[in-house]
Amino acid sequence: MIASETIFTRVLIVGAGPAGLGVGLALQKTGVADMLIIDAREIGASFRAWTAGMSMLTPSFHSNAFGLTDLNAINPESSPADFLRTQHPDGLGYAAYLDAVAGHHQLPVSTGMEVTAIDRQADHFIVHLKNGGTIHCDFLVWAAGQFFSPRDRDFSGAEHAIHSSRVKDWSALSGDSFTIIGGYESGIDAALRLFDLGKSVRILSRGEPWSSDHPDPSRSLSPRTFDRLRAALRHPERKERIEFSKNTDIRRIEAGDGFWILYDHDELPIVCKTQPILANGYQSGLGLASSLFNVDAHGLPIFTEEADESTLTPGLFYSGPSLVHRKSLFCFVYKFRARFGVIAAEIASRLGKTQIDEKLLPYLKAGFMNSDLDCCTNCECAIESQHDAPEPAQFSQSS
Ligand SMILES: Cc1cc2nc3c(=O)[nH]c(=O)nc-3n(C[C@H](O)[C@H](O)[C@H](O)COP(=O)(O)OP(=O)(O)OC[C@H]3O[C@@H](n4cnc5c(N)ncnc54)[C@H](O)[C@@H]3O)c2cc1C
């Protein structure tokens, strides 16, 4: 795109990750051709930026033909397992899969286009780009993800730590003993990577995520992470090299000359000789679009149950891991993809497309068009764990 150019499109999707591409593919199925998908970086940029060696927690398996679509697929027809021949794609592999699907379906993706502001006009949006250009659209799908918005300024002195998403290579960190703030997936992953490199790690966590047996994998560690933890904890030296500190809420960090002091909720100091690692997740994925959504009393964005549209700004839809309905988080690909068909059907219908349900039948059959929000809210379908708590709990230490 030439700087200062103005583009007109009926549907604009911001973000060429799984959420944006997935909605684009569903829209394409309904016959919507006048659309554009833009990305500040490139297709699958967040996956390309993952730390070396990181891989997906959710397993891939090509069982699509039997009605069980690969958990990491972004449309009912494709499968990362089939494409990559692996069960847990790494970031580069998954980005290659996204690239391949977008290429195969000739999705209209333009990269290197960063949105800097959104103006809502009476009946359309004017989206401003960093290069000076603008895009006018009738419908806007915000799918900009969270990865590039780490929570690295959440408390005083947080900037003295290194956020886990910014570590490019765990083996490049110097030192033998590390402190990790956060005990969910990214914290445990960081700990295990360092453990595998022969380092000692101390994990400080607000609660005790490693012993949660909540049936929703968004609220407890994934089975894969438990497998990895068990394998590590079987190691004879584990007691010396992995320490779990539960109920430790770090509120402040001070940096000295070659040391760092972490203060918890009781102002108790914890001294570290290597830069602390912050594994506390990401900001809401709504970023620039935040002010165009209503929020509830807890600050969570509100989406229409009909089609994940803003209740404040008609025509603005959201796709991705910040989706919440009835307190359920849709933070994995297999969760938020359940709404791709729902969003596409709504936009296609407003654009006057016909036979939408027929065209999206594969989406409905494959669970990419789920309008039954009760199902994910009550978790009645979840199988209760047979154990009171997963094994790693026994290794927890009180703060
Ligand atoms: C280490 C790690 C492991 C994970 N493992 C799993 C897993 O096993 N299974 C799973 O389902 N999920 C997993 N996730 C979460 C998953 O990566 C995210 O849910 C997913 O990437 C969200 O997809 P998205 O398309 O919303 O966002 P993204 O993939 O982040 O894509 C958003 C895109 O928007 C672009 N963008 C951002 N801002 C702008 C802007 N202003 N203008 C234009 N473009 C913009 C970005 O460049 C980016 O390419 C993992 C995440 C991490 C960090």
Side-chain angles (χ1 to χ4, degrees), residues 1 12-24 36-60 70-74 80 86-91 93-95 97-99 102 109-118 127-131 133 135 140-151 163-167 170 184-190 192-193 217-218 221-225 279-290 308 318-323 329-340:
M1 184 186 180
L12 177 67
I13 299 174
V14 179
L21 297 175
V23 171
L36 181 62
I37 304 170
I38 60 167
D39 199 292
R41 300 168 186 88
E42 50 198 329
I43 290 177
S46 63
F47 295 90
R48 293 177 203 280
W50 279 11
T51 310
M54 229 167 219
S55 58
M56 297 195 81
L57 310 162
T58 42
S60 272
D70 185 318
L71 277 190
N72 298 315
I74 59 165
T86 187
Q87 192 173 8
H88 293 279
D90 64 12
Y94 194 72
Y97 156 76
L98 294 177
D99 238 344
V109 182
S110 283
T111 54
M113 295 170 85
E114 181 176 349
V115 174
T116 51
I118 305 165
V127 171
H128 299 267
L129 303 175
K130 196 173 180 183
N131 67 8
I135 303 178
L140 178 60
V141 181
W142 190 255
Q146 305 172 314
F147 186 81
F148 295 106
S149 309
R151 292 176 57 185
H163 195 272
S164 57
S165 64
R166 296 218 168 87
V167 177
W170 292 111
Y184 278 96
E185 291 293 352
S186 50
I188 302 291
D189 181 70
L192 291 170
R193 300 266 163 218
S218 302
L221 296 178
S222 68
R224 179 165 197 244
T225 302
N280 59 344
Y282 302 88
Q283 315 274 3
S284 141
L286 299 183
L288 283 174
S290 303
D308 304 344
Y318 175 73
S319 175
S322 298
L323 186 66
L329 306 172
F330 286 61
C331 62
F332 285 102
V333 173
Y334 77 87
K335 291 184 170 188
F336 62 72
R337 78 180 183 188
R339 304 287 286 179
F340 288 169

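Atoms within each ligand, like the ligands themselves, are counted from 1 in listed order.
Put simply, OG on S46 and OH on Y94 are 9.5 Å apart, with the number rounded to the nearest 0.5 Å. Between atom OG of residue S290 and atom CD1 of residue I118 there is a gap of 9.0 Å, rounded to the nearest 0.5 Å. Rounding to the nearest 0.5 angstrom, the gap separating the NE2 atom in H88 from the CG atom in N72 is 9.0 Å. Note that the OG1 atom of T116 and the NE2 atom of H128 stand 7.5 Å from one another [nearest 0.5 Å].
Within the listing of ligand 1, atoms 19 (O) sit less than 4.0 angstrom from a heavy atom of C331. Shown in contact with A40 at under 4.0 Å from a heavy atom are these atoms of ligand 1, numbered in order with element: 42 (N), 43 (C), 44 (N), 45 (C). Close approach to G145 involves these atoms of ligand 1, each under 4.0 Å from a residue heavy atom: 26 (O), 27 (O), 30 (O), 32 (C). Of all atoms in ligand 1, listed by their number and element, those nearer than 4.0 Å to a heavy atom of F336 are 19 (O), 22 (C), 23 (O). Ligand 1 places these atoms under 4.0 Å from at least one heavy atom of F332: 9 (N), 10 (C), 11 (O), 12 (N). Contact atoms of ligand 1 toward Y282: 53 (C) (distance under 4.0 Å to a heavy atom of the residue). Taking every non-hydrogen atom of P321 and a distance limit under 4.0 Å, the qualifying atoms of ligand 1 come out as 19 (O), 22 (C), 26 (O). The distance from ligand 1 to the heavy atoms of V14 drops below 4.0 Å at these ligand atoms: 42 (N), 43 (C), 44 (N).
Atom 35 (C) of ligand 1 has as its closest protein heavy atom D39 OD2, 3.3 Å. Atom 6 (C) of ligand 1 has as its closest protein heavy atom M56 CE, 4.0 Å. Looking only at protein heavy atoms, the nearest one to atom 42 (N) of ligand 1 is V115 N, 2.9 Å. Protein heavy atom nearest atom 31 (O) of ligand 1, with residue, atom name and distance: G17 CA, 3.5 Å. From the protein, the heavy atom lying nearest to atom 23 (O) of ligand 1 is P18 CG, 3.4 Å. Looking only at protein heavy atoms, the nearest one to atom 5 (N) of ligand 1 is W50 CH2, 3.8 Å. With respect to atom 11 (O) of ligand 1, the closest heavy atom belonging to the protein is V333 N, 2.6 Å. For atom 24 (P) of ligand 1, the closest non-hydrogen atom of the protein is A19 CB, 3.8 Å.
A donor-acceptor pair under 3.5 Å is formed between the side chain of W142 and the backbone N or O of L286.
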Is there a side-chain contact (heavy atoms from CB on, under 4.5 Å) between Y97 and S60 once you walk through the steps? CA-CA 12 Å; Y97 156 76; S60 272; over 6 Å; no
Trace of the side-chain contact (heavy atoms from CB on, under 4.5 Å) decision for V115 with L129: CA-CA 4 Å; V115 174; L129 303 175; 4.0 Å; yes
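Within the 4.0 Å heavy-atom criterion, the part of M54 lying near ligand 1 is the side chain and not the backbone. By the criterion of a heavy-atom distance under 4.0 Å, neither the backbone nor the side chain of E185 is placed next to ligand 1. For L71, no heavy-atom contact with ligand 1 is shorter than 4.0 Å.
When all heavy atoms of A102 and L21 are compared, the pair lying nearest together is CB-CD2, 4.3 Å. Among all heavy-atom pairs drawn from F340 and S319, the shortest one is CE2-OG, 3.4 Å. Contact record, G44 with L98: CA-CD1, 3.8 Å, taken as the closest heavy-atom pair. The two residues A16 and D39 have their closest heavy-atom pair at N-OD2, 2.7 Å. Summarising the geometry of Q146 relative to S322, their closest heavy-atom pair is NE2-OG, 3.2 Å, with the distance given to 0.1 Å. Between Q283 and R151, the closest heavy-atom pair is N-CG, 3.4 Å.
On a distance-only criterion, L288 and ligand 1 share no N/O pair closer than 3.5 Å. The N/O atoms of L57, backbone and side chain alike, include one that comes under 3.5 Å of an N/O atom in ligand 1. By the 3.5 Å distance cut-off applied to N or O atoms, R41 is counted among the residues near ligand 1. For a threshold of 3.5 Å applied to N or O pairs, the pair formed by S319 and ligand 1 contains no separation below that value. Considering backbone and side-chain atoms alike, T58 places an N or O below 3.5 Å from some N or O of ligand 1.
Ranked by closest heavy atom to atom 37 (C) of ligand 1, the top entry among P150, G287, A144 is A144. Nearest to atom 17 (O) of ligand 1 by heavy-atom distance, out of F47, F148, F147, is F47. Comparing A143, S46, A190 against atom 30 (O) of ligand 1, the shortest heavy-atom distance belongs to S46.
Between Y334 and F332, the ring-plane angle classifies as parallel under the 30° and 60° cut-offs.
For R41, there are no salt bridge (Lys or Arg N to Asp or Glu O under 4.0 Å) partners, not counting sequence neighbours.
Not close to ligand 1: K335, with no non-hydrogen atom less than 4.0 angstrom away.
Inspection of the T51 and R193 side chains reveals no N or O donor paired with an N or O acceptor under 3.5 Å.
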